[in-house]
Amino acid sequence: MHRAKKSSAYFDNASAIAAVKEIYRDLAERPIERNCTLKTECCHFVLTGETPYLTKGEALVAAKAVRNTGRKEMPKRVDGACSLLHPRTSRCLIYQDRPFGCRTHFCQAAGGPYARKEVVDLIHRLEEIDQKLDGTGSRDLHSAVGEALKDLRY
Ligand code: SF4
């Protein structure tokens, strides 16, 4: 059977994870005043009315971090908060590897959302990685990370 040859422009999961982490590092070095104080209000989607959407590379980074906590599946929550917010400690399970949206949007207490023009180049880099992973664009956090956890099993 003939299989289409993947272009060398494609990423494997490990390369994608490294590239996304580089974007997170570049974001942290931007001279933009933001100060996350771990209030986690933005993690209660039912209150904010917003859910982070993740590209495939971001989802892989998050899924790897979930696995590093010893979990193989997304935790379940039924109260409208992010599944990755620990129910007892109220801390993000994957804070160091949290998605781009968790770093740049939602939180007024941290200084408000970034202006798109401040980070649009980084968004484009995330989109390029998504394409190289044969992704289909951004998806809501729970399903994106759940799917990436399955990907990492193989
Ligand atoms: S991934 Fe972490 S920081 Fe982002 S919404 Fe979920 S708990 Fe909050």
Side-chain angles (χ1 to χ4, degrees), residues 10-48 50-77 79-107 109-114 116 118-154:
Y10 272 75
F11 265 176
D12 59 27
N13 288 347
S15 304
I17 286 169
V20 170
K21 287 191 171 193
E22 190 180 325
I23 292 170
Y24 293 165
R25 280 194 296 275
D26 288 350
L27 174 67
E29 286 173 8
R30 296 263 153 115
I32 307 168
E33 285 287 319
R34 291 293 183 287
N35 184 25
C36 172
T37 54
L38 302 176
K39 289 179 84 171
T40 71
E41 286 173 1
C42 60
C43 310
H44 292 270
F45 307 151
V46 72
L47 299 180
T48 62
E50 306 228 44
T51 304
Y53 270 60
L54 281 59
T55 54
K56 195 164 180 180
E58 292 169 83
L60 285 170
V61 170
K64 189 153 186 275
V66 170
R67 283 182 65 108
N68 288 344
T69 70
R71 294 168 175 82
K72 293 186 175 156
E73 294 179 354
M74 283 293 274
K76 294 196 185 349
R77 279 193 79 137
D79 59 358
C82 179
S83 310
L84 299 178
L85 191 64
H86 194 287
R88 283 199 311 280
T89 65
S90 281
R91 289 282 178 257
C92 176
L93 288 168
I94 59 158
Y95 188 75
Q96 296 305 323
D97 292 308
R98 67 198 186 283
F100 192 77
C102 303
R103 298 163 193 260
T104 56
H105 296 297
F106 306 121
C107 186
Y114 284 56
R116 185 174 164 83
E118 293 174 307
V119 291
V120 69
D121 58 318
L122 302 180
I123 292 170
H124 287 158
R125 282 166 62 189
L126 289 170
E127 290 169 347
E128 279 169 23
I129 295 167
D130 189 81
Q131 285 166 11
K132 288 181 179 180
L133 287 167
D134 219 7
T136 54
S138 299
R139 301 171 60 189
D140 76 276
L141 184 147
H142 192 95
S143 58
V145 181
E147 201 59 40
L149 278 164
K150 288 182 202 157
D151 270 6
L152 289 181
R153 281 188 208 145
Y154 303 108

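What's counted below: heavy atoms across the whole structure, side chains too, no hydrogens, waters or symmetry copies.
Of all non-hydrogen atoms in Ile94 and Ala65, the two that sit nearest each other are CG2-CB, 3.5 Å. The two residues His86 and Leu93 come nearest to each other via the heavy atoms CD2-CD2, 3.7 Å. Residue Asp121 comes nearest to Arg30 through the heavy atom pair OD2-NH2, 2.7 Å, listed as atom of the first residue, atom of the second, then distance. Minimum heavy-atom separation, Tyr24 to Pro99: OH-CA, 3.4 Å. Shown here for Leu84 and Pro75, the closest heavy-atom pair between the two residues is CD2-CD, 3.9 Å.
For Ser15, the side chain to side chain donor-acceptor pair (under 3.5 Å) criterion is met by Asp12, not counting sequence neighbours. Remark: Arg71 pairs with no residue by the salt bridge (Lys or Arg N to Asp or Glu O under 4.0 Å) rule, at least two apart or across chains. Annotation: salt bridge (Lys or Arg N to Asp or Glu O under 4.0 Å) contacts of Asp79 (sequence neighbours excluded): Arg77. Scanning for side chain to side chain donor-acceptor pair (under 3.5 Å) contacts around Ser83 gives His142, with sequence neighbours left out. Every residue two or more places apart in sequence or in another chain that forms a side-chain contact (heavy atoms from CB on, under 4.5 Å) with Glu22 is listed here: Arg25, Asp26, Arg125. Under the salt bridge (Lys or Arg N to Asp or Glu O under 4.0 Å) criterion, Asp140 pairs with no residue, sequence neighbours left out. Here Ala144 pairs with Leu54, Ala59, Arg139 under the side-chain contact (heavy atoms from CB on, under 4.5 Å) rule; sequence neighbours left out. Partners of Ala63 according to the side-chain contact (heavy atoms from CB on, under 4.5 Å) rule, which considers only residues two or more places apart in sequence or in another chain, are Val145, Ala148, Leu149, Leu152. Glu73 pairs by the side-chain contact (heavy atoms from CB on, under 4.5 Å) definition with Arg153, not counting sequence neighbours. Scanning for salt bridge (Lys or Arg N to Asp or Glu O under 4.0 Å) contacts around Lys21 gives Asp97, with sequence neighbours left out.
Rounded to the nearest 0.5 Å, atoms CG (Leu126) and OG (Ser138) are 8.5 Å apart. Separating the CG atom in Asn68 from the CD atom in Gln96 is a distance of 12.5 Å, to the nearest 0.5 Å. One distance of note links CZ of Phe11 with CD of Glu128; it measures 9.0 Å at 0.5 Å rounding.
Annotation: side chain of Leu60 is in contact with side chain of Asp151 (closest heavy-atom distance under 4.5 Å). Looking at Leu133 and Asn13, their side chains come closer than 4.5 Å, going by heavy atoms from C-beta outward.
Under the side chain to side chain contact (heavy atoms under 4.5 Å, CB included) test applied with Cys102, the options Cys82, Cys43, Pro52, Cys42 reduce to a single match, Pro52.
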Determine, stepwise, if the pair Ile129 / Thr55 fulfils side chain to side chain contact (heavy atoms under 4.5 Å, CB included). CA-CA 8 Å; Ile129 295 167; Thr55 54; over 6 Å; no
List the steps and the verdict of side chain to side chain contact (heavy atoms under 4.5 Å, CB included) for Ile123 and Arg116. CA-CA 9 Å; Ile123 292 170; Arg116 185 174 164 83; 3.7 Å; yes
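At least one test fails for Arg103 against the ring of Phe100: distance under 6.0 Å to the centre or angle within 45° of the axis.
When atom types are taken as modelled, the side chain of Arg98 and the backbone of Tyr95 share a donor-acceptor pair closer than 3.5 angstrom. With hydrogens and angles ignored, the 3.5 Å screen pairs no side-chain donor or acceptor of His44 with any backbone N or O of Val46.
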